[in-house]
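Below you'll find the structure, written out as structure tokens, and then a few comments.
Everything quoted here is computed from the prediction, not taken from an experiment. Below, chain A is the first sequence line, B the second, and so on; all start at residue 1.
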2 protein chains.
Amino acid sequence: MATRTDAPTRREQILKEAARLFAERGFHGVGVDEIGAAVGISGPGLYRHFPGKDAMLAELLVGISGQLLTGAKQRLKEVDGAAPEVVLDSLIEGHIDFALDDRPLITLHDRELDRLRDSDRKLVRQLQRQYVELWVGVVRALYPDLSEPAARSAVHSVFGLLNSTPHLARSGSLPGRATTAALLHRMARGAFAAAGSA
Amino acid sequence: MATRTDAPTRREQILKEAARLFAERGFHGVGVDEIGAAVGISGPGLYRHFPGKDAMLAELLVGISGQLLTGAKQRLKEVDGAAPEVVLDSLIEGHIDFALDDRPLITLHDRELDRLRDSDRKLVRQLQRQYVELWVGVVRALYPDLSEPAARSAVHSVFGLLNSTPHLARSGSLPGRATTAALLHRMARGAFAAAGSA
DNA sequence: CCTCCAGGTTAACGACCGCTAACCCCGCTG
DNA sequence: CAGCGGGGTTAGCGGTCGTTAACCTGGAGG
């Protein structure tokens with residue numbers, strides 16, 4: 001993992017603030033002036049960096065889906081040949097890291113997809129589908145009795161479980177990141193195990 | 001359960017269609033004209049039934065939260081004194097029924113809360129909190145080793161799991177309502193069990 | 001038969017929002 | 001030092017949206 005140390009570019013600032021605002025108030029609920037104000041410039045100045053408001057959302061959603069997918073592929077390669085439990089644990093860990101570190105993006109990811117242009121939406125959906133199918137393969141390797149539709153449903157449901165992190169913030173004082181991550185990990189494993197014992 | 005057989009009133013039609021549209025395109029993404037068109041009247045005719053667009057959303061969200069809470073209380077009364085497993089199963093069953101039968105409402109429920117007036121939002125949050133606390137009590141009765149914050153996190157996460165039903169529709173042809181419900185139920189139990197074995 | 005009202009209609013207003021136009025400033029570079 | 005381009009600014013246009021105003025209509029009640 002090549003951790004960035006240099007200062008974020010203006011584009012990156014904008015994307016980050018836009019993600020936060022979109023997650024908080026919805027795509028249509030945020031004006032370009034607010035996004036500009038959040039990075040210290042005002043309104044139309046954004047158009048020096050993006051062709052339009054839609055483009056920001058598109059770049060965010062494509063970026064998320066791509067990151068999730070390539071991260072998962074990377075992890076699959078790293079643990080290549082290991083037992084299915086190990087592979088699944090790695091996938092779960094990766095998803096939890098993402099859900100805990102980029103909550104606004106996780107929120108956007110399944111909330112604002114329909115606000116995209118057709119071509120962008122197709123791309124995002126394709127990336128998402130690949131990500132899901134990757135999980136489905138691993139889950140079925142671990143629980144061969146699970147039918148493919150059932151495995152797919154189970155994967156989607158576990159995503160729902162892991163992506164609940166934004167709600168955890170609001171509720172009572174989460175007891176430290178590591179503890180929360182461990183709890184989520186256990187629950188995901190437990191959910192899959194229960195799904196597998198048809 | 002007193003099942004309704006009489007025709008739905010116009011108000012109810014409007015609420016139903018508004019829920020569907022809000023879930024599909026977001027509160028700000030739907031115009032009053034579209035809501036009107038969905039029930040066969042046009043635009044400002046809605047104002048004979050609601051004081052404004054916000055009021056529709058408010059009534060929907062308050063309604064959902066209230067229904068979930070009173071339904072759960074009802075179930076608690078029905079199985080009063082039973083073993084904790086039985087009580088939890090009943091809660092899970094109720095939530096799954098709701099998630100499968102009223103997907104648009106489930107979607108709205110955690111997506112558009114911030115679009116409400118302060119007073120309405122407070123009310124909804126209070127109802128939601130009561131619902132959560134009711135679950136937390138049952139979960140902790142069944143898994144006494146679980147700390148209260150952990151139990152609360154677990155409950156929120158299982159809600160995320162159960163509320164993933166809208167995503168199941170999009171993906172592959174869910175194999176019948178009963179099968180899906182059974183799968184979700186098993187997974188929820190498995191997730192709680194895994195959370196409980198700290 | 002007249003009245004009235006619930007429940008519609010269309011027209012239009014005012015606010016807001018995304019985006020463009022026109023202009024400006026400043027730090028490079030030849 | 002001239003020029004120029006990246007990255008800002010403000011003013012304003014065009015369209016959309018929520019809401020109100022004014023008007024209409026069919027059926028129930030006295």
- Query: Any sub-3.5 Å donor-acceptor pair from B:Arg121's side-chain atoms to B:Leu116's backbone N or O?
  - Reply: yes

- Query: Contact boundaries of DNA chain D with chain A (under 4.0 Å, heavy atoms), 5' to 3'?
  - Reply: D:dG7 to D:dA11

- Task: Measure from CG on A:Asp33 to P on C:dC19 and round the result to the nearest Å.
- Result: 12 Å

- Task: Look at all strands and tell whether B:Val30 reaches a base, only sugar-phosphate, or nothing, counting heavy atoms closer than 4.0 Å.
- Result: sugar-phosphate

- If you measure from the Lys or Arg side-chain nitrogens to the Asp or Glu carboxylate oxygens, is any gap between B:Arg117 and B:Asp120 under 4.0 Å? yes

- Item | Cationic N near anionic O, under 4.0 Å, B:Arg129 to B:Glu133 | no

- Query: Looking for any heavy atom pair under 4.0 Å, which part of the strands does B:Gly52 touch: base, sugar-phosphate only, or nothing?
  - Reply: sugar-phosphate

- Would you classify A:Gly31 as touching base, sugar-phosphate or nothing, given that sugar-phosphate means primed atoms plus P, OP1 and OP2, and contacts are heavy atoms under 4.0 Å? sugar-phosphate

- Task: For the side chain of A:Pro44, starting at C-beta, report the closest nucleotide among C:dA22, C:dG7, C:dT20.
- Result: C:dT20

- How many Å lie between CD1 on B:Ile41 and P on C:dG8, as a whole number? 5 Å

- Query: Do B:Phe159 and A:His167 make the cut of ring centroids closer than 6.0 angstrom?
  - Reply: no

- Message: Rounded to whole Å, please give me the gap between CZ in A:Arg115 and P in C:dG18.
- Response: 14 Å

- Contacts of B:Gly43 and A:His28 projected onto DNA chain C by closest heavy atom; the upstream (5') one is B:Gly43

- With a 4.5 Å limit on heavy-atom distance, are the side chains of B:Gln13 and B:Arg10 in contact? yes

- Note on the structure: To the nearest angstrom, the CZ-P distance between A:Arg48 and C:dA21 comes to 11 Å

- Query: What distance do B:Ser119 atom OG and B:Lys122 atom NZ have between them, rounded to the nearest 0.5 Å?
  - Reply: 8.5 Å

